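The structure appears right after this line, and notes come after that.
Residue numbers count from 1 along this sequence. The shown structure was predicted, so the numbers you read here are calculated from the model rather than taken from an experiment.
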Amino acid sequence: MGEHRHRPGSMHQSNKPFKSRHATKSSIREATKGKVDRTTAKQSTAASKVTSRLDRRNTARTLQQTKREEITRTKRLFEGRHGAPKIVPVLPLCPDSDVEGAIASLYQCLGEQLTGDPSLSSVLNVERFKQKIQFVPLRRNFVDVLDAFKVADFAIILMSAQVEVDKFGISCLLGVLNQGLVNVVPVVQHMEATPTKLRTQVKKSLLAFTRQFFPEEEHLFSLDSDNDAMNVIRYLTSQRPKPLTWRDLHPYMLADEVEYEPTSEEQGTLKITGFARGNPFNANRLVHLQNYGDFQVSQITSAPLAVREHEMQTDAAVLDTPTGEQDDLVAENEPDFMDNEQTWPTEEELAEADERVRAMGGSSDMDADTQKAKKRVPKGTSAYQASWIIDDEENSGYSEDEDDEEPSAMEMDDGEDVESVGGEFNQEDYEDIELEEKRPDEDEFDQEEEERQYAEYLKQRQDEFKDHTEFPDEIDTPGHIPARERFARYRGLQSFRTSPWDPYENLPTDYARIFQFENYTRTKARVVSQAIVGNVKPGTRITLWVQQVPRGAYEAFDKSRPYPVFGLLQFEHKVSLLNIQIQRDNAYEEPVRSKDPMVMHLGFRRYTVQPIYSQNSNKGTNHVHKYERFLHLGKSSFATVYGPVVFGKVPCVFYKETEDVNEPILVSTGMFVNTDVKRIVAKRIVLSGHPFKIHKKSAVVRYMFFNPEDIHWFKPVQLQTKYGRAGHIRESLGTHGYMKCIFDGPLTQQDTVMMPLYKRMYPKWNTILWTGGLDKSTQAIGESKAMVIDME
């Protein structure tokens, strides 16, 4: 007889199983055990509902094969006798970090000795793991650190158990994180000098500090013994380098040897030898040299090394030569002004032009050194007083584009007074006198006065930022200048998001100098796909013959400093409009204003720029974005500058330059987006008026304009109020700027009538190559920050 089992009836209570709001790690691990994330096979619309087992199997097999090929290709680059060495820079984060001692410990654990200068780059041949490691000792130079990490496969960061990480170390870590992260090996030194009871606590604190920048790091290495050093070697040889997408799209190398063959007094051919990495080098494409710019390649030859002493070194072979499709060095487009509407100048205009040339000294026969400046002034005026009188010609070189901010009432009143005084005058009351020669140090102030004026300047910027925050875009209508002249370049928009705006309307001359892509996304895909194919395979030791290079590029080569060389993709030398999505750094407290000078680190290139900022908004259909006078904290914005074309998601970092090149101030970080020249950046101003009399939906508004002509000029522009009413100008009343307005609802006496106006903003053509990397100075022992260890 079988065993009786109880069977629950219909009245049995079944409790609901426990459901956690947040799944635990163990439950997620159990649910995903054995599963692999992969994309499904591409299906046609007809057979999208049913996927056969064969399609799924083919998709899995294809993904597996692709992954294996990628791993094999990466390992083949570094393995073997002819493989390229892994570039491992050694970064000292603390003032007492011993870089040379750390590299010597890694050599010693393999039974080898470091020969040669320990401050130079050296290659360690690890026969046990069939790989080579190139150690790059870094000095406390900020630019050297960034350049080394741009081409690095791994990195060793040295920390001390005795001294905290200083300000320079924090700046280096932030710079490395913002430009792209590689695999790092945190190593602690001087642990033997720490008391035994405190070593565990010190290791925990150092590991916690490391995880602030590298959250995935779980180990803290040491070099106190040979076994500890061997663990570092094993980690460097067994791990695959973390890919950097923006770097791997380009060919690059770290120069081992540099030779120079002069072809003229100032230029010559630079021969750069090193291991090719990334995409294949192409002789038709340009190469970028840090601090000097882009140059053409005459040829690419092989430069093999003799692996063993008894082996003969093979001769160099030509791997690639330029063809008729070689990129030129033309970066800007030459505008053709004859395409515009032309009118023949009149005789009066020609006479004025000749007069201006004579006033500039173009027709003078006297030597410029012996000629003294003369000025026509009233009789009795001394030479000292004459030097303070401003001529009208001195201000004629400024364009209307320089008027970016609203002038103060004081400046306008002074200008009006000067113009009214300078009317018709009697020539007999004036005479020409020679001006005194001005000494170069005559206008300089003492140190206290300079500091006082600088403090006033900083306070003024803080006040402007505060006023902009409380009353954004609001300005007062000038009473002594007609508003139709002051705001002639502004326009009204019924809707900021949907009102049409022609992107090719009234463009400045600088837009005729840049290049525009018909389809940037399609061009990028084509250029990137073409860059994969080439005659120079990655991992080959080659020599680049770079032509027409100034001698300074050769003199800048120092074996104790990294010398990276990057190859450009097609069209990356052409200048266009760069749109960069950025976010302000939380640690920077000063106001960041549009057109403030910055040092832009865009991938492997560095420029001095003055960007303009705009809102990061994609809600409008007219591609109009609001101009930002200040870069706000916690909000994503766009920075727009002129610069060479970039392909890919390239990281961008903006620094504020200081007197010390090793102490730049981090301002903002971001990513390159596109080169869309149709993106309109519109500056918004708001003219405000006060309702004087109100009768239902109509009101008499004053203080917005001060003459009837301005009212008729701005009559088509729609009005708004702070309480959400919309209206328009009906007619002008009187001669003092009073106007009758009609709104869509009743107004209240505390309401304010506003008229928003917009003007398109353009960046300035002032992007130049930053050459601060030529400074070889190092950072001294600075202020220690960040790591706090309780020793009690």
>> Looking at Asp585 and Lys656, is any side-chain nitrogen of the basic one under 4.0 Å from a carboxylate oxygen of the acidic one?
In response: no
> Is a side-chain donor-acceptor pair under 3.5 Å present for Arg605 with Gln290?
Replying inline: no
> Can Leu220 and Met159 be said to form a side-chain contact (heavy atoms from CB on, under 4.5 Å), step by step?
Replying inline: CA-CA 10 Å; Leu220 192 64; Met159 294 178 290; 3.7 Å; yes
> With a 4.5 Å limit on heavy-atom distance, are the side chains of Phe213 and Leu181 in contact?
Replying inline: no
> Is there a side-chain contact between Val646 and Leu602, using heavy atoms and a 4.5 Å cut-off?
Replying inline: yes
> With the threshold set at 4.0 Å, does a side-chain nitrogen-carboxylate oxygen contact exist between Asp117 and Lys559?
Replying inline: no
>> Could you check whether Asp660 and Thr658, counting side-chain N and O atoms only, form a donor-acceptor pair closer than 3.5 Å?
In response: no
> What residues, two or more places apart in sequence or in another chain, satisfy side-chain contact (heavy atoms from CB on, under 4.5 Å) together with Ser97?
Replying inline: Pro92, Cys94, Leu158, Gln189
> Of all heavy-atom pairs between Asp166 and Leu93, which one has the smallest distance, and what is that distance?
Replying inline: OD1-O, 3.1 Å
>> Tell me whether Lys204 at atom NZ has more than 12 heavy atoms from other residues, nucleotides or ligands lying less than 6.0 Å away.
In response: no
>> In the structure I gave you, are the side-chain heavy atoms of Leu138 and Val90 within less than 4.5 Å of one another anywhere?
In response: no
>> Would you say that Met600 contacts Val653 through its side chain, given a criterion of any heavy-atom pair below 4.5 Å between the two side chains?
In response: no
> Taking only residues two or more places apart in sequence, or in another chain, which ones meet Tyr588 in a ring-ring contact (aromatic ring centres under 6.0 Å, His included)?
Replying inline: none
> Would Tyr520 and Phe647 satisfy ring-ring contact (aromatic ring centres under 6.0 Å, His included), going step by step from the backbone distance to the final call?
Replying inline: CA-CA 9 Å; Tyr520 172 78; Phe647 291 111; 5.7 Å; yes
>> As a quick check of understanding, evaluate ring-ring contact (aromatic ring centres under 6.0 Å, His included) for His601 and Tyr655, giving each step before the final call.
In response: CA-CA 8 Å; His601 293 238; Tyr655 288 96; 5.1 Å; yes
>> Asp228: which residues meet the side-chain hydrogen bond (donor to acceptor under 3.5 Å, both in side chains) condition with it, sequence neighbours left out?
In response: Ser225
> Where is the tightest heavy-atom contact between Asn662 and Asn141, given as atom of each residue plus distance?
Replying inline: OD1-CA, 3.5 Å
>> Quick check: do Gln610 and Pro597 have side-chain heavy atoms less than 4.5 Å from each other?
In response: yes
>> How close do Asn279 and Pro251 get, counting heavy atoms only, and between which atoms?
In response: O-CB, 3.0 Å
>> Which residues pass the side-chain contact (heavy atoms from CB on, under 4.5 Å) test with Leu769, not counting sequence neighbours?
In response: His288, Tyr607
>> Show me the pairs that pass ring-ring contact (aromatic ring centres under 6.0 Å, His included) and involve residues 218-250, at least two apart or across chains.
In response: Phe221-Tyr235, His250-Phe604
> Sequence neighbours excluded, which residues qualify as salt bridge (charged side-chain N to carboxylate O under 4.0 Å, His left out) partners of Asp144?
Replying inline: Arg139, Arg561
> Has the side chain of Ser105 got a donor or acceptor atom that lies under 3.5 Å from a matching backbone atom of Gly101?
Replying inline: yes
> Who pairs with Arg211 by side-chain contact (heavy atoms from CB on, under 4.5 Å), at least two apart in sequence or on another chain?
Replying inline: Leu207, Glu218
> More than 12 heavy atoms of other residues, nucleotides or ligands under 6.0 Å from CD of Glu216: is that the case?
Replying inline: no
> Looking at residues at least two apart in the chain, or sitting in another chain, which of them share a salt bridge (charged side-chain N to carboxylate O under 4.0 Å, His left out) with Arg285?
Replying inline: Asp327
>> Under a plain distance cut-off of 3.5 Å, with no hydrogens placed, do Asp676 and Asn579 share a side-chain donor-acceptor pair?
In response: no
> Quick one: does Thr608's side chain get under 4.5 Å of Thr767's, heavy atoms only?
Replying inline: no
> Going by atom types alone, do Thr771 and Tyr292 pair a side-chain donor with an acceptor below 3.5 Å?
Replying inline: no
>> With heavy-atom distances below 4.5 Å as the criterion, would you say the side chains of Ile582 and Thr669 are in contact?
In response: no
> In Å and rounded to the nearest 0.5 Å, what is the CZ to CG distance from Phe142 to Asp775?
Replying inline: 13.0 Å
> Any side-chain heavy atom of Lys242 sitting closer than 4.5 Å to one from Phe154?
Replying inline: no
> With Pro118, which residues qualify under side-chain contact (heavy atoms from CB on, under 4.5 Å), at least two apart?
Replying inline: Glu100, Leu114
> Looking only at heavy atoms, which two atoms of Thr194 and Ala161 are closest? And how far apart?
Replying inline: OG1-CB, 3.5 Å
>> Assess the residue pair Leu106 and Ile156 against the criterion (side-chain contact (heavy atoms from CB on, under 4.5 Å)); give the C-alpha distance rounded to whole Å, side-chain angles, the decisive distance to 0.1 Å, and a yes or no.
In response: CA-CA 11 Å; Leu106 296 174; Ile156 296 177; 3.9 Å; yes
>> If we count only N and O atoms by modelled type, under 3.5 Å, do the side chains of Lys86 and Gln134 hold a donor and an acceptor together?
In response: no
> Which residues pass the side-chain hydrogen bond (donor to acceptor under 3.5 Å, both in side chains) test with Gln615, sequence neighbours left out?
Replying inline: Glu628
>> Please determine whether side-chain contact (heavy atoms from CB on, under 4.5 Å) holds for the pair Glu217 and Val184, giving the CA-CA distance in whole Å, both sets of side-chain angles, and the decisive distance to 0.1 Å.
In response: CA-CA 8 Å; Glu217 290 298 326; Val184 296; 3.7 Å; yes
>> Tell me every residue that passes salt bridge (charged side-chain N to carboxylate O under 4.0 Å, His left out) with Glu257, counting only those two or more places apart in sequence or in another chain.
In response: Arg541
>> Could you check whether Asp96 and Ser160, counting side-chain N and O atoms only, form a donor-acceptor pair closer than 3.5 Å?
In response: yes
> Which residues pass the ring-ring contact (aromatic ring centres under 6.0 Å, His included) test with Phe149, sequence neighbours left out?
Replying inline: none
